[in-house]
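The block underneath contains the structure these notes are about, expressed in structure tokens.
Just so it is clear, the values below take in all heavy atoms, side chains as well, and ignore hydrogens, waters and symmetry mates. Positions are given from 1 along the sequence.
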Amino acid sequence: MKVLVFGATGMVGHGVLRECLLADDVSEVLSIGRAPLPVAHPKLTSLVRPDLADLSDLEAVLRGVDACFFCLGVSSLGMDEATYRGLTHDLTLSIAATLARASPQACFVYVSGAGTDSSEQGARMWARVKGRTENALLRLPFRSAFMFRPGAIQPLHGARSKVGWIHAFYVVLGPLLALLRRLWPRQVLSTEVIGQAMLAAARRPGGHEVVEAAGIHALSLGGGHAA
């Protein structure tokens, strides 16, 4: 597979990238992001773009992609809805629409979040925006599309959040998260599990689905999933 990764410098993206580089059936990984990657690998090509809003000039590069793992995201803390929508819905759909034109045969996996509001009508701003983003992505003409909704995540293998307070949260609660994951592995996921589940989704012939934490865990084991 030729895999495209957005957000590989973030916590989830780091874990996803690691699993892609380890996978025998991934022959090529293209990372597109705003910052260079701190890793080199024979499979890996890193393309740095300060502005990701318009990738139309890269359609030739985006042809032949088998899977796109979209791990870009920002916290809504302190943002108004218009700003958060621009960084979450508008940016994601601009990139996804360009990829759909270049590689409609691709599987598109979007990292959303637990509590996302598919009705787009709920009280929580971030959940409405995420729901609107998911719904729009599911309408695009990809071979398959999976909206991943993880909740608690344990970072492994050097993965860390780029947001200071979130990183501090994981440092303080790291031992507790490890314990919780042993007790409830279907609800508390690791970055490794999420990456393995994304690859499992990409290997499927089709499907347009929302996948909650338990389903992500099931996919990582190579099985089906419960929404």
Side-chain angles (χ1 to χ4, degrees), residues 5-7 10-16 19 68-79 81 84-85 87-89 91-93 96 107-138 144-156 159-163 165-174 176-202 207-221 223-227:
V5 180
F6 287 91
M11 186 179 79
V12 173
H14 178 281
V16 171
E19 296 307 310
C68 175
F69 301 147
F70 197 92
C71 308
L72 282 176
V74 296
S75 169
S76 64
L77 191 64
M79 285 192 191
E81 184 163 352
Y84 184 67
R85 184 173 61 246
L87 294 172
T88 300
H89 173 276
L91 177 63
T92 303
L93 265 295
C107 168
F108 193 96
V109 183
Y110 174 63
V111 179
S112 185
T116 293
D117 176 18
S118 296
S119 76
E120 308 178 31
Q121 303 298 318
R124 292 173 299 172
M125 179 271 285
W126 73 265
R128 292 195 306 271
V129 173
K130 285 280 192 178
R132 181 181 178 189
T133 305
E134 286 185 355
N135 291 338
L137 289 171
L138 289 168
S144 60
F146 296 85
M147 308 295 109
F148 274 25
R149 293 183 177 180
I153 302 172
Q154 181 191 17
L156 295 179
R160 56 172 290 170
S161 173
K162 294 193 295 183
V163 180
W165 70 268
I166 296 178
H167 173 64
F169 170 85
Y170 280 112
V171 169
V172 172
L173 294 184
L176 177 60
L177 278 174
L179 173 61
L180 293 176
R181 192 163 73 88
R182 286 196 294 271
L183 294 173
W184 295 290
R186 288 162 48 88
Q187 303 304 324
V188 181
L189 308 176
S190 70
T191 50
E192 179 178 278
V193 162
I194 294 172
Q196 291 169 352
M198 285 191 174
L199 286 167
H208 288 71
E209 306 172 32
V210 172
V211 190
E212 304 286 353
I216 296 171
H217 178 260
L219 275 172
S220 75
L221 300 177
H225 74 266

Minimum heavy-atom distance between [X] and [Y], given as atom pair plus value:
X      : Y      : result
Ala201 : Cys107 : O-SG, 4.0 Å
Pro150 : Ile216 : N-CD1, 3.8 Å
Ala214 : Gln187 : CB-NE2, 4.1 Å
Arg149 : Ser118 : NH2-OG, 2.7 Å
Ala114 : Gly151 : CB-CA, 3.9 Å
Leu138 : Ala145 : CD2-O, 3.9 Å

Looking at [atom1] of [X] and [atom2] of [Y], how far apart are the two atoms once the value is rounded to the nearest 0.5 Å?
X      : Y      : atom1 : atom2 : answer
Tyr84  : Trp126 : OH    : CH2   : 7.0 Å
Gln196 : His217 : CD    : NE2   : 9.5 Å
Thr133 : Leu91  : OG1   : CG    : 10.0 Å

Less than 4.5 Å apart, any side-chain heavy atom of [X] and any of [Y]?
X      : Y      : value
Thr191 : His14  : no
Thr92  : Leu72  : no
Glu192 : Glu19  : yes
Val109 : Cys68  : no
Met198 : Phe70  : no
Leu199 : Phe69  : yes
Val210 : Phe146 : no
Met79  : Val74  : yes

Between the side chain of Asp117 and the main-chain N/O of Lys130, is any donor-acceptor distance below 3.5 Å?
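Such a contact is absent between Asp117 side chain and Lys130 backbone.
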Is there a donor-acceptor contact under 3.5 Å from the side chain of Ser190 to the main chain of Val193?
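Checking the backbone N and O of Val193 against the side chain of Ser190, a donor-acceptor pair under 3.5 Å is found.
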Passes side chain to side chain contact (heavy atoms under 4.5 Å, CB included), Val211 versus Met147? Steps please.
CA-CA 6 Å; Val211 190; Met147 308 295 109; over 6 Å; no
Knowing that exactly one of Arg132, Arg128, Glu134 qualifies, which makes a side-chain contact (heavy atoms from CB on, under 4.5 Å) with Thr116?
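Output: one option passes, namely Glu134.
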With side chain to side chain contact (heavy atoms under 4.5 Å, CB included) as the criterion, how do Val129 and Met125 come out once you've worked through the C-alpha distance, each side chain's angles and the decisive distance to 0.1 Å?
CA-CA 6 Å; Val129 173; Met125 179 271 285; 4.1 Å; yes
Do Leu189 and Gln154 pass the side chain to side chain contact (heavy atoms under 4.5 Å, CB included) test, and can you show the C-alpha distance, the side-chain angles, and the key distance before you say yes or no?
CA-CA 6 Å; Leu189 308 176; Gln154 181 191 17; over 6 Å; no
